[in-house]
Protein chains: 2
Amino acid sequence: MKQQDLFRALADPNRRRILKALQKGSMTAGEIGALFAFTAASLSHHFSILKAADLVRTERRGHHIVYSLNSTVLEDVSRMVLDLFPLTRR
Amino acid sequence: MKQQDLFRALADPNRRRILKALQKGSMTAGEIGALFAFTAASLSHHFSILKAADLVRTERRGHHIVYSLNSTVLEDVSRMVLDLFPLTRR
DNA sequence: ATTAAACTTAGACGATTATCTAAATATTGT
DNA sequence: ACAATATTTAGATAATCGTCTAAGTTTAAT
């Protein structure tokens, strides 16, 4: 299910840090890895979850893989969050 | 940490169902329990996590405990979510 | 074709999590 | 004080999760 993928992806603090790092622009997996302490394998695992939630997009460039934030999901996230609360005005 | 408590609380689908149930108004733990399949103990566990995230408030009434949604957190959640994405205009 | 570089996949391990049963703790009414 | 009701806490168990190492895959350059 889509909604669960999203909430699950956002539940991990390191994944949120990755998302924040990507705010500054697209980066290769290696560049992001350099910012954090974990192994390439762990990073790749996080990316697979972020991709499943459609929070990031990938594009191969040479033998690098460039990751970028998929900002269009923001609407979905917002909707899901708002959906959990009764609106004061509707 | 506050942010982690919030994202963690929202990560579980059953807790999101509880939040949605509370949209219709305050309910006692028992009333909510009647809507779901798990035991009172499990429910209580979920409530403790929702409380830690400040998503619900409690009030004792007789020997019932009334749970209600704390809508003021909505702002915090929204801010946290928006914080993860670069705004198109700022 | 081989090698090197950049990621991913597979498999393992410890930590956290959701759930349960059983026992404990209020609170009210008798 | 005592019993009944409502909820929480403790302790156990199975499943999920984050991380690691080691092996595999893909691309580019020689």
Side-chain angles (χ1 to χ4, degrees), chain A residues 1-22 24-70 84, chain B residues 1-22 24-70 84:
Chain A
M1 193 211 191
K2 193 84 181 312
Q3 178 164 346
Q4 182 53 23
D5 285 344
L6 240 166
F7 279 110
R8 176 164 106 86
L10 293 175
D12 183 79
N14 284 326
R15 282 193 288 271
R16 294 198 302 274
R17 291 207 296 153
I18 291 171
L19 290 176
K20 278 204 74 70
L22 284 174
K24 301 176 182 69
S26 305
M27 300 173 87
T28 67
E31 287 171 332
I32 299 172
L35 299 176
F36 298 99
F38 26 74
T39 63
S42 297
L43 194 64
S44 187
H45 173 244
H46 284 310
F47 278 134
S48 79
I49 291 173
L50 290 170
K51 279 188 67 170
D54 206 29
L55 284 161
V56 299
R57 294 277 166 77
T58 66
E59 177 201 352
R60 190 171 259 286
R61 196 132 64 198
H63 37 206
H64 295 268
I65 294 184
V66 180
Y67 281 88
S68 50
L69 214 54
N70 175 19
L84 293 173
Chain B
M1 191 209 193
K2 195 83 184 310
Q3 178 163 346
Q4 181 53 22
D5 286 344
L6 239 166
F7 279 112
R8 175 166 106 85
L10 294 175
D12 183 81
N14 284 326
R15 283 194 288 270
R16 294 198 302 273
R17 291 206 297 152
I18 291 172
L19 290 176
K20 278 203 76 69
L22 284 174
K24 301 176 183 71
S26 305
M27 300 173 85
T28 69
E31 287 172 332
I32 299 172
L35 299 176
F36 298 100
F38 25 74
T39 63
S42 298
L43 194 63
S44 186
H45 171 245
H46 283 310
F47 277 134
S48 78
I49 290 172
L50 290 171
K51 278 189 68 172
D54 205 30
L55 283 162
V56 299
R57 293 276 166 77
T58 67
E59 177 201 353
R60 189 172 259 285
R61 196 132 66 197
H63 36 207
H64 295 269
I65 293 183
V66 180
Y67 281 89
S68 51
L69 214 53
N70 174 20
L84 293 173

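Just so we're on the same page: letters track the sequence lines, and every chain starts at 1.
With sequence neighbours excluded, the residues that form a side-chain hydrogen bond (donor to acceptor under 3.5 Å, both in side chains) with A:R15 are A:H46. Residues passing the side-chain hydrogen bond (donor to acceptor under 3.5 Å, both in side chains) test with B:R60: none are found, sequence neighbours excluded. A:Y67 is linked by a ring-ring contact (aromatic ring centres under 6.0 Å, His included) to A:F47, counting only residues two or more places apart in sequence or in another chain. Every residue meeting the side chain to side chain contact (heavy atoms under 4.5 Å, CB included) condition with B:A53, not counting sequence neighbours, appears here in chain and number order: B:D5, B:L6, B:A9, B:L55.
Proximity of B:V56 to B:N70: side-chain heavy atoms (C-beta onward) are nowhere separated by under 4.5 Å. In this structure, B:I32 and B:L22 have side chains that are in contact, with non-hydrogen atoms separated by less than 4.5 Å. Taking 4.5 Å as the limit, every side-chain heavy atom of A:E59 sits out of range of all side-chain heavy atoms of A:I65.
Here chain B contacts DNA chain C (any atom closer than 4.0 Å to a heavy atom, that is under 4.0 Å), and the contacts span C:dT17 to C:dT28 from 5' to 3'. First and last contacting nucleotides of DNA chain D toward chain B (any atom under 4.0 angstrom from a heavy atom, 5' to 3' order): D:dT5 to D:dT9.
Counting only residues at least two apart or in different chains, salt bridge (Lys or Arg N to Asp or Glu O under 4.0 Å) contacts with residues 29-56 of chain B comprise B:D54-B:R57. Among residues at least two apart or in separate chains, there is no salt bridge (Lys or Arg N to Asp or Glu O under 4.0 Å) pair with a member in residues 34-47 of chain B.
Going from atom CG of A:L50 over to atom CG of A:L10 covers 8.0 Å, rounded to the nearest 0.5 Å. If you take CZ on B:R8 and CG on A:D12, they are separated by 12.5 Å, rounding to the nearest 0.5 Å.
For the contact set between residues 58-69 of chain B and DNA chain C, defined by any heavy atom under 4.0 Å, the members are B:R60, B:G62, B:H63. Within residues 25-46 of chain B, the residues having any heavy atom under 4.0 Å from DNA chain C are, by residue number, B:F38, B:T39, B:A41, B:S42, B:H45, B:H46.
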Contacts table for residues 35-44 of chain B: side-chain donor-acceptor under 3.5 angstrom, sequence neighbours left out:
unit_1, atom_1, unit_2, atom_2, d
B:T39, OG1, B:S42, N, 3.2
B:T39, OG1, B:S42, OG, 3.2

